[in-house]
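Numbers here simply count residues along the sequence, with the first being 1. Keep in mind that what you see is a predicted model, and the values were worked out from it rather than measured.
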Amino acid sequence: MLVGRDKEQQILLSALEADESQLIAVYGRRRVGKTFLIRQTYKNKFAFQHSGISKGNIKDQLNEFCESLRKYGLRNFVEPKSWSEAFRLLQRLLEKKPKGKKIVFIDELPWMDTHKSNFLESLDHFWNGWATEREDIVLVICGSATSWIINKVIRNRGGLHNRVNRQINLQPFTLKECRQYADKKKLSIGDRELVEAYMVMGGVPFYWSFFQRGESVAQTIDRLFFKQDAELKDEFNALYESLFKNANNYMSIVKALSTVKAGMTRAQLLAVTKLSNNLVFQRALCELEQCGFIRKYQAYGNKNKEMMFQLMDQFTLFYYHFMEGNNSRDEQFWQHILGQNKYNSWIGVAFERVCLWHESQIKKALGIDGIRSNLYAWSYVPTADEKSAGADGGQIDLLIDRTDGVINVCEMKFYKEPFSVTSEYATKIRNRNAIFRERENCKKSLANTLITLYGITKNKNSDIFDNILTISDFL
């Protein structure tokens, strides 16, 4: 059941109409539906299909490649001892195929690039020395190791440089796509429960495939993560180990970021994780960002241009809050923790992450999607002397700084009913905005914007907000 992905399907199908051979790179995090998209779009009509094997050496990889060659019709060949020989066999197979476009799909390509295997060089020779001389080859390469695809293929400085005709960075589902998926499966999930499920699993289609009719979201979360034989109990380690070499370094970074709301600077991350300040650390930050696990942003008014790093992956945040070190044998752990302090402290942060994932939907709902803007966060912590002089601090988790002279100051509140603005809360907003204006010498108009599930209760304080977005604006 393919939901959404219309743009991505069009990219794949348009390659069949091209006058020359096409190289397409598809990448994205584990479980996001890359293989499913490719197979569904092309209806499994492949001239050749193969998938690399996890943690296999070159001999293992070549053996599996030979099995795929046999499966797709190549007979009576000497098993190759190198990738250059293996790709020549693939050429032989394709040359025997009938006239017309020949779709070659190689999945989990990064796993095939083992140490000193010359895999990339052989792929380069296959493509540049043979396929590009023809007009009938559509080569689709795919992998969960996003950074490998980007750095080794798309940004390749050798023979594959600028050879990728089309690329698809397959993103997790939006809330709207999750609603479409739930409706297609005939799941009775209300809007609030939909958002709560998204806060746990993000928009990863594979995780959503485990939902069953007649089961609440809380029951599903218990079954998937907290039952004795929970189906996704070991998913966290498998996720990071499948994407990154030396995964422990990457997990140290996201673990540190899971403890803070606004994020950390590079220096703060180094201090907390105790990792060495070298290219390995820099690569880990870059690859986590490429894979969508973290985001890099600049705090508003940051004069020294120091960047902040913030955890964005919903499942990682959930794991470190509730699963790591959880020795409870309570198979209804999630149902029992609902509404408790630990749950409430997590849910506010998790809802903010959901909103940040839906930046384009927020702008569209505000009618500012055509206006150039930048997203920031802002905080001010007064010094001891400033505090003694009566100075207050402040924090804004999302600022949309627009080129039309307006800044949307966004408040993100997860409430199970319409949000009621108290006098104290309205005063807090006014005071914080005044501190922001003074500290940043801000001359732009400030538009207070509330993002919540069910809107606002009209009272004498509700006009503090200029814009109110609800869950319907995301669906």
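- Sparse packing is recorded around NZ of Lys255, with 12 or fewer heavy atoms of other residues, nucleotides or ligands lying under 6.0 Å away.
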Next item on the list: Carefully, step by step, assess Gln290 and Thr146 under the rule side chain to side chain donor-acceptor pair (under 3.5 Å).
Entry: CA-CA 7 Å; Gln290 287 174 336; Thr146 296; over 6 Å; no
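- With no hydrogens or angles considered, no side-chain donor-acceptor pair links Trp357 and Gln171 at under 3.5 Å.
- More than 12 heavy atoms of other shown residues, nucleotides or ligands fall within 6.0 angstrom of atom NZ in Lys102.
- Considering only heavy atoms from C-beta on, Phe293 comes within 4.5 Å of Leu239 through its side chain.
- Taking 4.5 Å as the limit, some side-chain heavy atom of Arg353 sits within range of a side-chain heavy atom of Met312.
- For Asp330, there are no salt bridge (Lys or Arg N to Asp or Glu O under 4.0 Å) partners, not counting sequence neighbours.
- Minimum interatomic distance between Gln180 and Gly4 (heavy atoms only, all atoms of both residues): OE1-N, 4.4 Å.
- A salt bridge does not link Asp60 with Lys55: none of the charged nitrogens is closer than 4.0 Å to a carboxylate oxygen.
- For the residue pair Gln228/Arg329, the side-chain donor-acceptor check at 3.5 Å is not satisfied.
- Side chains of Glu359 and Gln361: no donor on one and acceptor on the other come within 3.5 Å.
- Salt-bridge check for Glu67 with Arg70: passed, with a basic side-chain N closer than 4.0 Å to an acidic carboxylate O.
- A distance-only check finds a donor-acceptor pair linking the side chain of Arg213 to the backbone of Lys186 [under 3.5 Å].
- The number of heavy-atom neighbours closer than 6.0 Å to NZ of Lys97, taken from other residues, nucleotides and ligands shown, is above 12.
- Proximity of Met308 to Thr265: side-chain heavy atoms (C-beta onward) are separated by under 4.5 Å at one or more points.
- Applying the 6.0 Å contact sphere to NZ of Lys101 captures more than 12 heavy atoms from other residues, nucleotides or ligands.
- Checked against salt bridge (Lys or Arg N to Asp or Glu O under 4.0 Å), Asp124 has no partners two or more places apart in sequence or in another chain.
- Comment: Asp313 engages Arg29 in a salt bridge, judged by a side-chain N to carboxylate O separation of less than 4.0 angstrom.
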Atom pairs and distances, side-chain donor-acceptor, residues 365-372, under 3.5 Å, sequence neighbours left out:
none

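- Panel note: side chain Lys185, backbone Phe211; a donor-acceptor pair is recorded below 3.5 Å.
- In this structure, the side chains of Leu175 and Asp191 stay at 4.5 Å or more apart for every pair of heavy atoms.
- Under a 3.5 Å cut-off, the side chain of Lys45 and the backbone N or O of Ile103 do not form any donor-acceptor pair.
- Remark: Phe333 pairs with Phe226 by the ring-ring contact (aromatic ring centres under 6.0 Å, His included) rule, at least two apart or across chains.
- Glu196 is not listed as a side-chain neighbour of Lys416, based on a closest heavy-atom distance of 4.5 Å or more.
- There is no side-chain donor-acceptor pair under 3.5 Å between Tyr319 and Ser258.
- When the ring-ring contact (aromatic ring centres under 6.0 Å, His included) test is applied to Tyr415, the partners found at least two apart in sequence or on another chain are Phe419.
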Check: Can you list the steps and then say if Trp148 with Tyr27 is a ring pair (Phe, Tyr, Trp, His ring centres under 6.0 Å)?
Finding: CA-CA 9 Å; Trp148 189 96; Tyr27 56 95; over 10 Å; no
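- Every residue two or more places apart in sequence or in another chain that forms a ring-ring contact (aromatic ring centres under 6.0 Å, His included) with Tyr207 is listed here: Phe315.
- Within a 6.0 Å sphere centred on NE2 of His125, other residues, nucleotides and ligands contribute 12 heavy atoms or fewer.
- Residue-environment remark: CG (Asn57) exceeds the threshold of 12 foreign heavy atoms within 6.0 Å.
- Legend: residues meeting ring-ring contact (aromatic ring centres under 6.0 Å, His included) with Trp334, ordered by chain and number and at least two apart, are Phe318, Phe322, Tyr343, Trp346.
- By the 4.5 Å heavy-atom criterion applied to side chains, Phe281 and Ile253 are counted as neighbours.
- Evaluation of the ring-ring contact (aromatic ring centres under 6.0 Å, His included) test over residues 164-204, restricted to residues two or more places apart or in two chains, returns Tyr198-His358.
- Within the 6.0 Å centre-distance limit, the rings of Phe236 and Tyr320 are counted as a close aromatic pair.
- Ring centroids of Tyr240 and Tyr250 are separated by 6.0 Å or more, keeping the two rings apart.
- Partners of Cys142 according to the side-chain contact (heavy atoms from CB on, under 4.5 Å) rule, which considers only residues two or more places apart in sequence or in another chain, are Val26, Lys34, Ile38, Phe105, Asp107.
- Below 30°, between 30° and 60°, or above 60°: for Phe119 and Phe87 the angle between ring planes is between 30° and 60°, a tilted geometry.
- Within the structure, side-chain hydrogen bond (donor to acceptor under 3.5 Å, both in side chains) contacts touching residues 1-14 (residues at least two apart or in different chains) are Gln9-Thr41, Ser14-Arg166.
- Other residues, nucleotides and ligands contribute only 12 or fewer heavy atoms inside 6.0 Å of the CG atom of Asn341.
- With hydrogens and angles disregarded, no donor-acceptor distance shorter than 3.5 Å links the side chain of Glu133 to the backbone of Trp130.
- Side-chain contact between Phe244 and Cys291: present, with at least one pair of heavy atoms (C-beta onward) separated by less than 4.5 Å.
- For the pair Glu85 (side chain) and Lys81 (backbone), a donor-acceptor distance under 3.5 Å is present.
- The side-chain hydrogen bond (donor to acceptor under 3.5 Å, both in side chains) test applied to Arg31 returns Glu235, not counting sequence neighbours.
- No more than 12 heavy atoms of other residues, nucleotides or ligands sit less than 6.0 Å from atom NZ of Lys59.
- The side-chain contact (heavy atoms from CB on, under 4.5 Å) with Ile24 is formed by just one residue from the set Val138, Asn165, Ile141; it is Val138.
- Looking only at distances, no side-chain donor or acceptor of Asn118 sits under 3.5 Å from a matching main-chain atom of Ser82.
- With sequence neighbours left out, Glu331 forms a salt bridge (Lys or Arg N to Asp or Glu O under 4.0 Å) with Lys227.
- The backbone N or O of Trp127 lies less than 3.5 Å from a partner atom in the side chain of Thr132, making a donor-acceptor pair.
- In this structure, Gln61 and Ser117 have side chains that are not in contact, with every pair of non-hydrogen atoms separated by 4.5 Å or more.
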